[in-house]
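The structure presented is a predicted model; accordingly, all values stated were derived computationally and were not measured.
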Amino acid sequence: MIVTTTNDVAGRTVTEYLGLVRGVVVRSPTVSQGFVGGLQSMFGGNIEEYADVCESARAEALNRMVNHAGEMGADAVIAVRYNATEFGQQSTEVLCYGTAVRLG
């Protein structure tokens with residue numbers, strides 16, 4: 001599956017727009033990640049435990065979006081974007097979305 005942030009796929013023609021596809025994940029850090037992250041936040045800098053949670057959530061949201069596109073019979077997903085929203089205390093919703101298309 002081709003996944004791109006652009007509105008087309010170089011060298012290919014979009015023959016059919018299948019519609020919006022998305023993957024949604026709501027994540028929070030584990031107890032140990034929250035504890036270590038909380039300690040690191042007092043000293044400033046990058047908080048690797050929280051970064052790991054975010055990266056994992058983004059990867060899973062992308063995977064869910066690609067699966068959704070596959071269920072629709074897509075060859076590619078174009079105009080892919082991410083959005084993240086705080087959802088309750090210590091929880092974040094990560095949304096990955098784009099347009100499923102068939103290519104010629």
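Side-chain contact check for Ile78 versus Asp8: every heavy-atom pair is 4.5 Å or farther apart. The closest side-chain heavy-atom distance from Met65 to Leu95 is not below 4.5 Å. The closest side-chain heavy-atom distance from Cys54 to Thr92 is not below 4.5 Å. Side-chain contact between Asp75 and Met1: absent, with no pair of heavy atoms (C-beta onward) separated by less than 4.5 Å. By the 4.5 Å heavy-atom criterion applied to side chains, Val24 and Tyr97 are not counted as neighbours. A heavy-atom distance below 4.5 Å is not found between the side chains of Val101 and Glu16.
Linking Ile, Leu, Val, Met, Phe, Trp and Tyr residues whenever their side-chain heavy atoms come within less than 4.5 Å places Tyr17 and Ile2 in a single cluster. Both Val94 and Val80 are assigned to one and the same hydrophobic cluster, defined by single-linkage of ILVMFWY side chains at heavy-atom distances under 4.5 Å.
In this structure, Thr4 contributes its side chain and Thr6 its backbone to a donor-acceptor pair below 3.5 Å. In this structure, Arg64 contributes its side chain and Val25 its backbone to no donor-acceptor pair below 3.5 Å. No donor-acceptor pair under 3.5 Å is formed between the side chain of His68 and the backbone N or O of Val21.
Contact between Ala79 and Asn7 at its shortest, heavy atoms only, is CB-OD1, 3.3 Å. Taking every heavy atom of both residues into account, Ala69 and Val77 meet most closely at CB-CG2, 3.5 Å.
Remark: Arg12 engages no residue in a salt bridge (Lys or Arg N to Asp or Glu O under 4.0 Å) (not counting sequence neighbours).
Within 6.0 Å of atom CZ in Arg58, 12 or fewer heavy atoms from other residues, nucleotides or ligands are found, so the atom counts as exposed in its surroundings.
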Quick one, Leu103 with Val14, criterion side-chain contact (heavy atoms from CB on, under 4.5 Å). Give me CA distance, side-chain angles, the key distance, then yes/no.
CA-CA 5 Å; Leu103 300 172; Val14 173; 4.0 Å; yes

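Here the CZ-CG distance, from Arg81 to Asn83, works out to 11.5 Å after rounding to the nearest 0.5 Å.
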